[in-house]
Amino acid sequence: MQKILVIGSINVDFVVSSKVRPKIGETVIGEKLTVTYGGKGANQAIAAARLKASVSMIGKVGVDFIANDVLENLNKNNVDISNVESIKQSETGSAHITLSDGDNSIIVIPGANNCFEKNFIEKFSQVILQHDFVIVQNEIPAFIVEQVLDFCYINNIDTIYNPAPFREIALDTLLKAKYITPNEHEAISLLKTKNLKEIVKQYPNQVIITLGSKGAMYFDGEKIVKVKAIKTTVVDTTGAGDTFNGALAVALSKDEPLFKAINFANVAASLSIEKLGAQAGMPSLSMVEEKFKKL
Ligand code: RIB
């Protein structure tokens, strides 16, 4: 079995469900608070592990009331946490999510996710080299993402870089990622053009733009390919992108062709939005296979 490594964030998500989203300066009465597990890194790791991949994670948590729960959750979901460290000087990362009308807005407090060491590659090079596929995102420091993309490129390890949330990165470093998976806003900001077709055309089989309910698009070298999303009842879109990335890594690490891998990731992402919370709806392999049969 291919080994997937996720280097990324681990959060606790405070999700406020409300019929109305408050405007600036306004107070509204909401409906419910759900405290649950999240973090783009942890979400992607769990998404991949539920799909029966062998998954490890490098990340940081605090030493606080939530850290043990968060670690236990990763463990229970079959993610190897032997390289997740507890940081005394910082709290576990948290996300403060307003959920209204099936869509979310999020403020992330990185906390321990910011406490990666300067000698990261030196410390974890052997761990990274033991994996076939590495996923990184932007809820950990920029210098770590850059070092990881660089190191994996030199050592021929396939990477998915999910540039979320958006932040600047030098183009030559960005392009060291084997696959780049921005949403449309991130793609426009990263590649400095509003024309999504132009963007994918420049980076064949490398930039895969996720389009929410419209699916995903990429350029296969000859034509622009749109992979349709699967229609479903939306409860909470939080974590859909993470499920997409985790599932994509699973399919690609099995050497599936890109179109098939994106289709698989789309199906997994569509199942993930049927439940409240980033991880609650992430499907098992049999659920994805079942859904495929019905399509
Ligand atoms: O992508 C969704 C995730 O973003 C949430 O789980 C939250 O923790 C934020 O990091």
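Nothing fancy with the numbering, it's 1 onward along the sequence. Counting convention: from 1, in listed order, for ligands and their atoms alike.
Residue pairs meeting the salt bridge (charged side-chain N to carboxylate O under 4.0 Å, His left out) criterion with at least one partner in residues 201-210, sequence neighbours excluded, are absent.
Annotation: cation-pi pair Lys118/Phe143 present, NZ/CZ under 6.0 Å from the ring centroid and within 45° of its normal.
No salt bridge links Lys214 with Glu184; every basic N to acidic carboxylate O contact stays at or beyond 4.0 Å.
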When you pair each N or O of ligand 1 with protein N or O atoms, which pairs come out under 3.5 Å?
| unit_1 | atom_1 | unit_2 | atom_2 | d |
| --- | --- | --- | --- | --- |
| ligand 1 | 1 (O) | Lys40 | NZ | 2.8 |
| ligand 1 | 1 (O) | Asp242 | OD2 | 2.7 |
| ligand 1 | 4 (O) | Lys40 | NZ | 3.2 |
| ligand 1 | 6 (O) | Asp13 | OD2 | 2.6 |
| ligand 1 | 6 (O) | Gly39 | N | 3.2 |
| ligand 1 | 6 (O) | Asn43 | ND2 | 3.0 |
| ligand 1 | 8 (O) | Asn11 | ND2 | 3.1 |
| ligand 1 | 8 (O) | Asp13 | OD1 | 2.6 |
| ligand 1 | 8 (O) | Gly39 | N | 2.8 |
| ligand 1 | 10 (O) | Asn11 | ND2 | 3.1 |
| ligand 1 | 10 (O) | Glu139 | OE1 | 3.0 |
| ligand 1 | 10 (O) | Glu139 | OE2 | 2.6 |

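Contacts of Lys192 classified as salt bridge (Lys or Arg N to Asp or Glu O under 4.0 Å), with partners at least two apart in sequence or in another chain: Glu168. Partners of Glu122 according to the salt bridge (Lys or Arg N to Asp or Glu O under 4.0 Å) rule, which considers only residues two or more places apart in sequence or in another chain, do not exist here.
Checked by atom type, the side-chain pair Ser9/Glu139 shows a donor-acceptor distance below 3.5 Å.
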